[in-house]
Amino acid sequence: MSQSEADKRVSDAFLNAKSSAEATRKAIAHSLLWTFIALLIGAFCASFSGTIGGRQRDRVVLV
């Protein structure tokens with residue numbers, strides 16, 4: 001194998017690894033964004049449910 005052919009194979013492998021890493025980075029960023037949104041919605045729902053539950057608890061008359 002000649003030097004130029006070896007250099008081409010190395011650069012092709014490097015570009016392939018670089019594009020694969022970029023695709024992985026984008027996928028992770030996308031999934032983390034949706035995870036953040038899901039956690040934010042869950043926190044809102046828990047807060048809202050706690051408020052409703054507290055109001056119902058305060059209306060109960062203890063004997």
Side-chain angles (χ1 to χ4, degrees):
M1 176 182 302
S2 68
Q3 180 68 27
S4 62
E5 187 178 328
D7 287 340
K8 184 182 179 316
R9 286 182 69 180
V10 168
S11 65
D12 288 345
F14 180 73
L15 288 175
N16 188 16
K18 192 174 181 180
S19 66
S20 176
E22 182 67 19
T24 303
R25 184 194 64 80
K26 284 182 182 180
I28 289 172
H30 187 75
S31 66
L32 286 177
L33 175 67
W34 283 107
T35 301
F36 172 74
I37 290 171
L39 288 172
L40 196 63
I41 291 171
F44 174 75
C45 291
S47 175
F48 185 68
S49 298
T51 302
I52 291 173
R55 287 181 184 166
Q56 287 181 352
R57 180 198 61 215
D58 291 343
R59 289 189 201 144
V60 174
V61 178
L62 297 176
V63 182

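Everything quoted here is computed from the prediction, not taken from an experiment. Quick note: residue numbers are just sequence positions, from 1.
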Geometric class of the F48/F44 ring pair [parallel <30°, tilted 30-60°, perpendicular >60°]: parallel

CZ-CD1 distance between F36 and I41, expressed to the nearest 0.5 angstrom: 10.5 Å

With E5 via salt bridge (charged side-chain N to carboxylate O under 4.0 Å, His left out) - residues at least two apart: none

Rounded distance [0.5 Å steps], OG1 in T35 versus CD1 in I28: 11.0 Å

Sequence neighbours excluded and cut-off under 3.5 Å, please list the side-chain donor-acceptor pairs for residues 8-15, or say none.
unit_1, atom_1, unit_2, atom_2, d
K8, NZ, D12, OD2, 2.9
S11, OG, D7, O, 3.2
S11, OG, K8, O, 2.9

Check: T51 side chain, S47 main-chain N or O, donor-acceptor pair, under 3.5 Å: yes

Donor-acceptor contact present, side-chain S49 to main-chain A46, <3.5 Å: no

Over all atoms of both residues, closest heavy-atom pair of N16 and S19: O-OG, 3.0 Å

